[in-house]
Amino acid sequence: MSVVTPVREVAAMSTPTHVPRVRFCPAPSGWLHVGGARTALYNWLHARRRGGAFVFRVEDTDAQRATDESMRGMIDALSFLGLTWDEGPQVGGPFGPYRQSERQALYTAAADLLLASGAAYEAFETPDELREQREAAQAAGRPPGYAGGHRDLTDAQRAAFRAQGRQPVLRLRTPDTGTVEIDDEVRGTVTFDWSEIADFVIRRADGTATYVLANTVDDLAMGITLIARGEDLLSATPRQVLLISRLLAVEDGTSLLARALASAGLDGAPAPARPGYAHLPLLVGDDRKPLSKRHGSVAIDELRRQGFLPETLVNFLALCGWSYDGVTERFTVDELVERFSFDRVGRNPAAFDTDKLRSMNGDRIRDLPVAELAARLEPNLVDAGVLPAAVTADERALLAALTPLVQERIQTLAEAVDLIGFCFADEVAYDEQAVRKHLKGRAGEVLDAAAVALAEVEPWSDGAIMRALDGVAEDLGLGRGKTFQPVRVAVAGSAVSPPLPETLAVLDRATVVDRIRAARPLVAEPQQA
RNA sequence: GCUCCCGUCAUCUAGCGGUCUAGGAUACCGGCCUUUCAAGCCGGCGGCGCGGGUUCGAAUCCCGUCGGGAGCACCA
């Protein structure tokens, strides 16, 4: 399906709201965490549902923080989740480039035009002076925002500042009176007083664009119809709304934005319109504080490494702030696309509940076809060093046989490592506690008898092994607990493993018998013989 | 300090004036099952922040209050 052409047709009909264009625009610093992924997901879902376009734009205007590594991480994480973008890095699109570092000429042109039109003005305060003003204002109980000191400088004053070697920033003039109403798809109408909103910087002294400018210009230039982002940006919205008005202001038949686009030699959306808004509730940690590294794993890549399935993550993230009917919690991606809408998004912040995530992941693991699960387990076992990078056919066959045994015992793929790692190891790593607890008393007799019984049992199958072990138990007059556990510890090194007969059956008889004999000396004999 | 947002079990959430002695899920507790660990099944614990209104009737509407969060940057 083409996601680009319809926009032009729609623009021609001047009803741009029919085909939504949404975007996800992270700053490439750090990793994609669950909050960002949730924002990306909601946007993606919205675009997919209405046959619109999902635009991925990289906001790397702050060269200090942006890194290529982070950029790759974002791309990998989105790809892992299956959130494919229609326009953006790697795939291009009609309104590129999609990295803001490559669009500076556009912001410069827009800022120049804003200055020429009188919407913006030059301010010469240094960062230190602004900090002092802010502190003084705070101390006096006044709002800390810019007070408008350089709003109405004369040419002579500006020249004097320049003569001192100062470089000005550009500030946008905000109204002194009146209100702005923001019509938000999740919050309804939110009203702000213009008097609360100070003149803000759109271009830094070094000539680069700030977030508000770059972000607003690009949303317009790229024909974005709905801006869905975190609630933390709600109070920045009036400034963007104002900037949008200034950018869309028409003079001599062309908008300021169109002129900026032309002078930068870039293509923009044919008929940019004022985008709508949807401010998503914050995703917080289990302590109700904003998510950070302290909250364990909140990076998508880390969750992937731990063995969370992308379909679980997508399902779970969808539920972090959105609900369908309050009862249904299990959704396929297609069902989400079909059902998602911003009007079902809640307004209160959601805590990221790892326990529930694990539970949902376990459910999905259990529902996977065995062969599929085995295939997904493999890379995790390789990462953990249980399997070599080049997995042999034998190892793969063993994994396939083991997979049904772990399927209902793990919540994450990584948990399989502890459960069946011993099956692939050359040597058993004995858990000290397990040895102390189970290799004592009559365990020696059990191991001796089990070694003999298992060396002879025919066929080498779980049923026959079960009967052999039961025979040992009966001969010694012990229960299954007292017989199975010593054998389990001898073979697995641990008191916890998948069901014993089934597990032994998939291993070589020789391996099993050897391990039982090798463990024999570990048994602590009773003090009195 | 100012502005804005939010407030149902520990957690996520349903609820849009009567069907709510507030429903579901996770976690937790107990039982069944049982060779360990799980899974599964059954049962249990547990909540409308508070105070005023409006109304025959309020978790639902209004006001206040308290609490939490975000923003007020030459960061995004």
Side-chain angles (χ1 to χ4, degrees), chain A residues 25-27 29 59-62 64-66 123 125-127 130-131 134 137-146 167-171 182 184 187 190-193 195-198 200-206 208-212 214-215 230-238 279 281-282 284 286 288-290 316 319-330 346-360 362-363 366 406-411 415 418-419 434 438 466 469-470 473 479-485 487-489 492 494-501:
Chain A
C25 44
S29 59
E59 307 226 321
D60 54 350
T61 48
D62 183 0
Q64 303 290 311
R65 296 210 220 167
E125 293 96 338
T126 63
L130 289 171
R131 188 176 40 75
R134 199 161 35 238
Q138 295 256 46
R142 282 179 282 117
Y146 184 66
Q167 289 300 316
V169 300
L170 242 43
R171 285 183 184 270
I182 289 143
D184 191 283
R187 271 152 225 282
V190 182
T191 309
F192 292 88
D193 272 321
S195 62
E196 310 286 347
I197 297 152
F200 56 95
V201 175
I202 57 174
R203 185 164 71 190
R204 304 183 184 104
D206 67 2
T208 58
T210 60
Y211 161 78
V212 230
N215 181 267
E231 186 206 316
D232 49 334
L233 268 335
L234 182 57
S235 37
T237 310
H279 285 97
L282 254 32
V284 297
D286 37 25
R288 315 255 25 148
K289 296 281 186 236
F316 183 73
L319 258 12
C320 285
W322 171 86
S323 74
Y324 177 62
D325 56 10
V327 175
T328 316
E329 297 200 316
R330 178 71 177 271
R347 286 162 298 279
N348 45 326
F352 189 75
D353 184 350
T354 310
D355 279 336
K356 187 152 179 175
L357 208 214
R358 291 173 54 80
S359 164
M360 286 185 70
D363 286 346
R366 255 161 263 130
V406 297
Q407 186 155 28
E408 62 185 30
R409 297 183 159 70
I410 56 176
Q411 308 254 67
E415 285 171 3
D418 287 339
L419 226 39
H438 297 289
M466 177 68 125
L469 291 176
D470 274 344
R480 276 181 176 169
K482 292 278 185 213
T483 8
F484 283 55
Q485 283 307 80
V487 175
R488 190 190 309 279
V489 173
S494 158
V496 176
S497 83
L500 198 56

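Quick note on labels: first sequence line is chain A, next is B, and so on, each numbered from 1. Just so you know, these numbers use all the heavy atoms, side chains as well, and skip hydrogens, waters and symmetry mates.
Pair assignment for B:A70 gives B:U3, based on Watson-Crick or G-U wobble hydrogen-bonding distances that are each under 3.5 Å. Using the Watson-Crick or G-U wobble rule with both distances under 3.5 Å, B:C16 pairs with nothing in any strand shown. Pair assignment for B:U36 gives none, since no Watson-Crick or G-U wobble pairing has each distance under 3.5 Å. Pair assignment for B:A10: B:U26, on the basis of Watson-Crick or G-U wobble contacts that are both within less than 3.5 Å. A 3.5 Å limit on both hydrogen-bonding distances identifies B:G64 as the Watson-Crick or G-U partner of B:C50.
Residue-level contact check: A:Arg134 touches the backbone only, with heavy atoms under 4.0 Å from sugar-phosphate atoms and none from bases. A:Val169 comes within contact range of at least one nucleobase, with a heavy-atom separation under 4.0 Å. Contact annotation for A:Leu469: no contact, since no heavy-atom pair falls under 4.0 Å across all strands. Across all strands shown, A:Leu357 has no heavy atoms under 4.0 Å from either base or sugar-phosphate atoms.
When the C1' atom is used for both B:G47 and B:A14, the distance is 13 Å, rounded to whole Å. A distance of about 45 Å separates the C1' atoms of B:G68 and B:U36, rounded to the whole Å. Rounded to a whole angstrom, the distance from the P atom of B:C4 to that of B:C9 is 26 Å. Taking atom P on both B:U3 and B:A73, the two are 16 Å apart, rounded to the nearest angstrom. Only the P atoms considered, B:C6 is 22 Å distant from B:A10, to the nearest whole Å. With both ends at atom C1', the span from B:A22 to B:C29 equals 23 Å, rounded to whole Å. Here, B:C33 and B:A58 have their C1' atoms 47 Å apart, quoted to the whole Å. Comparing the same atom, C1', in B:G53 and in B:G46 gives a spacing of 31 Å after rounding to whole Å.
Between the CH2 atom of A:Trp322 and the P atom of B:U13 there is a distance of 13 Å, given to the nearest Å. With rounding to whole Å, A:Arg142 atom CZ is found 12 Å from B:G1 atom C1'. Taking atom CG of residue A:Asp470 and atom C1' of nucleotide B:U34, one finds them 13 Å apart after rounding to whole Å. The separation between A:Arg171 atom CZ and B:C74 atom C1' is 8 Å, rounded to whole Å.
Looking only at distances, no side-chain donor or acceptor of A:Ser323 sits under 3.5 Å from a matching main-chain atom of A:Leu319. At distances below 3.5 Å, not a single donor-acceptor pair connects side-chain atoms of A:Arg409 with backbone N or O atoms of A:Pro498. Although no hydrogens or angles enter the test, the distance criterion places no donor-acceptor pair under 3.5 Å between the side chain of A:Ser497 and the main chain of A:Ala492.
Each of A:Asp325 and A:Ala123 was matched to the nucleotide of RNA chain B holding its nearest heavy atom; the match closer to the 5' end belongs to A:Asp325. Ranked by how close their nearest RNA chain B nucleotide is to the 5' end, A:Arg203 and A:Gly346 are led by A:Gly346.
Applying the salt bridge (Lys or Arg N to Asp or Glu O under 4.0 Å) rule to A:Asp355 yields no partners; only residues at least two apart in sequence or on another chain are considered.
Nearest heavy-atom pair, A:Gly479 versus A:Ala473, reported as atom, atom and distance to 0.1 Å: O-CB, 4.2 Å. Scanning all heavy atoms of the two residues, the minimum distance from A:Gly321 to A:Ala350 falls at N-CB, 4.4 Å.
For the 3.5 Å distance criterion, the side chains of A:Asp193 and A:Ser195 fail to qualify, holding no donor opposite an acceptor.
Remark: A:Met360 CE to A:Arg330 CZ distance equals 7.5 Å, nearest 0.5 Å. One distance of note links CD1 of A:Ile410 with CZ of A:Arg366; it measures 9.0 Å at 0.5 Å rounding. From A:Gln407, atom CD reaches atom CG of A:Leu419 across 12.5 Å, with rounding to the nearest 0.5 Å.
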What nitrogen or oxygen pairs link the protein and nucleotides 2-12 of chain B at under 3.5 Å?
{"from": "B:C2", "atom 1": "O2'", "to": "A:Glu196", "atom 2": "OE1", "distance (Å)": "3.2"}
{"from": "B:C5", "atom 1": "O3'", "to": "A:Arg187", "atom 2": "NH1", "distance (Å)": "3.4"}
{"from": "B:C5", "atom 1": "O2'", "to": "A:Arg187", "atom 2": "NH1", "distance (Å)": "2.4"}
{"from": "B:C12", "atom 1": "OP1", "to": "A:Arg288", "atom 2": "NH1", "distance (Å)": "2.5"}
{"from": "B:C12", "atom 1": "OP1", "to": "A:Arg288", "atom 2": "NH2", "distance (Å)": "3.3"}
{"from": "B:C12", "atom 1": "OP1", "to": "A:Ala351", "atom 2": "N", "distance (Å)": "3.4"}

Across nucleotides 35-50 of chain B, 5' to 3', mark each nucleotide with B, S or - according to how protein heavy atoms within less than 4.0 Å reach it.
BBBBSS----------

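Contact of the A:Met466 side chain with the A:Phe484 side chain is registered, since non-hydrogen atoms from C-beta on lie closer than 4.5 Å.
Not one side-chain nitrogen or oxygen of A:Arg330 sits closer than 4.0 Å to the OP1 or OP2 atom of B:A25.
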